[in-house]
2 protein chains.
Amino acid sequence: MANGRSPTMKDVAKTAGVAVSTVSHVVNRSRFVSEEATERVEQAIRQLGFRANRVAQNLRSGRSNLIGFVVSNLYNYFYVRIARGIESVIGKYGYHLTLIDSQERTDLEQENIESLIDRGVDGLILVPTCTTCDHIGKLLSADDRPIVFVDREAIGFQADSVLLSNEEGAYRATKHLIEKGHVDIGFVAFHFGHDEIDMTMQERIEGYRKAHQEAGLPIRKNYIEITAGGSVLVNELRHAESYRMMERLLTTPVSAVLCGNSPASIGVFMCLKDRKVKIPEEIAMITFDDDLWLTMATPSISAVAQPAELLGAAAAERLMQRIQGKPQPYGCIRLKADLIIRDSS
Amino acid sequence: MANGRSPTMKDVAKTAGVAVSTVSHVVNRSRFVSEEATERVEQAIRQLGFRANRVAQNLRSGRSNLIGFVVSNLYNYFYVRIARGIESVIGKYGYHLTLIDSQERTDLEQENIESLIDRGVDGLILVPTCTTCDHIGKLLSADDRPIVFVDREAIGFQADSVLLSNEEGAYRATKHLIEKGHVDIGFVAFHFGHDEIDMTMQERIEGYRKAHQEAGLPIRKNYIEITAGGSVLVNELRHAESYRMMERLLTTPVSAVLCGNSPASIGVFMCLKDRKVKIPEEIAMITFDDDLWLTMATPSISAVAQPAELLGAAAAERLMQRIQGKPQPYGCIRLKADLIIRDSS
DNA sequence: CTGAAAGCGCTAACAA
DNA sequence: TTGTTAGCGCTTTCAG
């Protein structure tokens, strides 16, 4: 701008010789404007390089066309993929996404949600850092913006959620191992709950259990290694911890291991590699959460692959419906995982 | 809210028995308010659960305390790490980050930048999808918000940039290979330029060249495999393309290869694995851009590791300085890479 | 030390 | 078919 400040609707109105409301209606197509006036306004807009001030629009209309996505941890590729899925859907509805990373920190998460609400997002999609604490509940019960949880669900209030069929995924992976002749199958994972094992992991264990039960195989407590602190520990500690869990499993007759999540699989793989345990001959391996390294490793590692983009898309679709005021009961959508068999099982 | 709408400063003023301006000044600590009035206002704020409306603040003050980070491709872990670096710095200054992914698409990038400007961000940090096209220049020359480029620099206008010492990184990696006795060293990469090789890659090649020159080794054209379309091709195609580049190199006497970026290294590694070429005995390997899979692979792969968080932090620091009006000439900061030697070299 | 009041740029009645 | 105008919730000048 020669002037220094960006042109406003007032400026456009003046150069087009119409009222501001006419400009507004041309910009938003919110009421009929004569061919001729429309032309003059559009001409003026081009001439001045006018762009509507979203902040003012937002303040005045109460809508921002903005969706906030608060992610527990963006270092996790899985969540970036979910973000893509969300973006592709809301883009079609004319909404924009703003992504915020909570770095697995509950305090940051709270701040991020508050910040987004203060900034007037029309809806929120959340991967909560913590599924049992209620710091989010407090925030959101004071607010009537629609919320959708994805991948993890914070319990105890009104919202939709889109989750993986955890039980089914674990069931299929375990069944595959059983069909390959394994009868001593270990389970290694972190969980994100503080006291109890979080729901996601409970469901995965349940799938593991069901497959055993169906095959008439017993469940042995010492085959299941679960450590708390999935959200508290930094990556390196998680790897070290899962390394140790695998070491313990190696003292049992286990001939296959199902990793309940990706930090677990990294430690497990490193342990097996260091100990020169042959995969899959001595220990077969399948893990939840697909990742690039699983294909690059030798041998390549089988995975229960989550349809991340689809989870995001489903969450976004649900949110859009609710924003558009389509009434429907709150619910939980479950998406199935893909079992990708590679060389490790 | 029982009422349905959130409380405003007016509400707070009324219950505290003061003027709105007093409330504002208490909230922002922008002028002295008596102990007593402050107390009453704070009491009212707590009682009503008041939170200042950021949108209104933004409209009125012209500042948003928001920094936009437009990333060429969030699937690249490297950029997520940069985002963390940015966040950690601007957070200390009381700013929030909003992250947007352009998915390597120039049109989306443009839209994202426009969207952020329209929403009133106080500054922008960009990883441009394209360093030679000027679609960004047009946008930004019409705007006086400070901009900092990180990792990649769009040429031709006033802005700071924070880049890697590409030449130095390539030089050190090449020198390491030469010291290990290699005299036939290949170079494989993508570049992001349309016609010419983009600057980043030119610099890396220059480092490769310098190391050769210094050792009195000749540069052979057929040892350098570079393909255009780094930003255009999807991942799978890039891997296939670099796979082919490595196949071609295998017809030369090359005994070591430096990968100029991570998509190249994936194809190279897969090719070597498929052909059962022993690393590092038959072909040694170093790649730019550290990634988890490099440590999980057998053998683990050496890397020129970019200090991603530091790049982000430096960019953010620079931006903050400029936003605070500290005058300084535009410039380019170069950060050094770490050479991490693993089993592949 | 505090209050009144003018607007930031836009939307949406209401009026013509 | 279009214009006038009252705010959205806040900041900040000016007056007291």
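What you see is a predicted model, and the numbers here were worked out from it, not measured in a lab.
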*Measure the spacing between CG of A:N58 and CZ of B:R54 and express it to the nearest 0.5 Å.*
13.5 Å
*Do the side chain of B:S61 and the main chain of B:R63 share a donor and acceptor less than 3.5 angstrom apart?*
yes
*Measure from NZ or CZ of B:R81 to the centre of the six-membered ring of A:Y75 and say whether it is under 6.0 Å with the direction within 45° of the ring axis.*
no
*Going 5' to 3' along DNA chain D, which nucleotides are the first and last within contact of chain B (any atom under 4.0 Å from a heavy atom)?*
D:dG9 to D:dC14
*asked:* Taking the cut-offs as 6.0 angstrom to the six-membered ring centre and 45 degrees off its axis, would you call A:R322 and A:Y330 a cation-pi pair?
replied: yes
_Presence of salt bridge, A:R40 and A:E36, under 4.0 angstrom_ = yes
*Does a sphere of radius 6.0 Å around CD in B:Q328 hold more than 12 heavy atoms from other residues, nucleotides or ligands, not counting ones at 6.0 Å or beyond?*
yes
*Would you give a per-nucleotide map of nucleotides 7-16 of chain C, 5' to 3', where B means the base has a protein non-hydrogen atom under 4.0 Å away, S means only the sugar-phosphate does, and - means neither?*
BBBBBB-B--
*asked:* Between B:E109 and B:S102, is the side chain to side chain donor-acceptor pair (under 3.5 Å) condition met? List the steps.
replied: CA-CA 5 Å; B:E109 174 176 58; B:S102 298; 4.8 Å; no
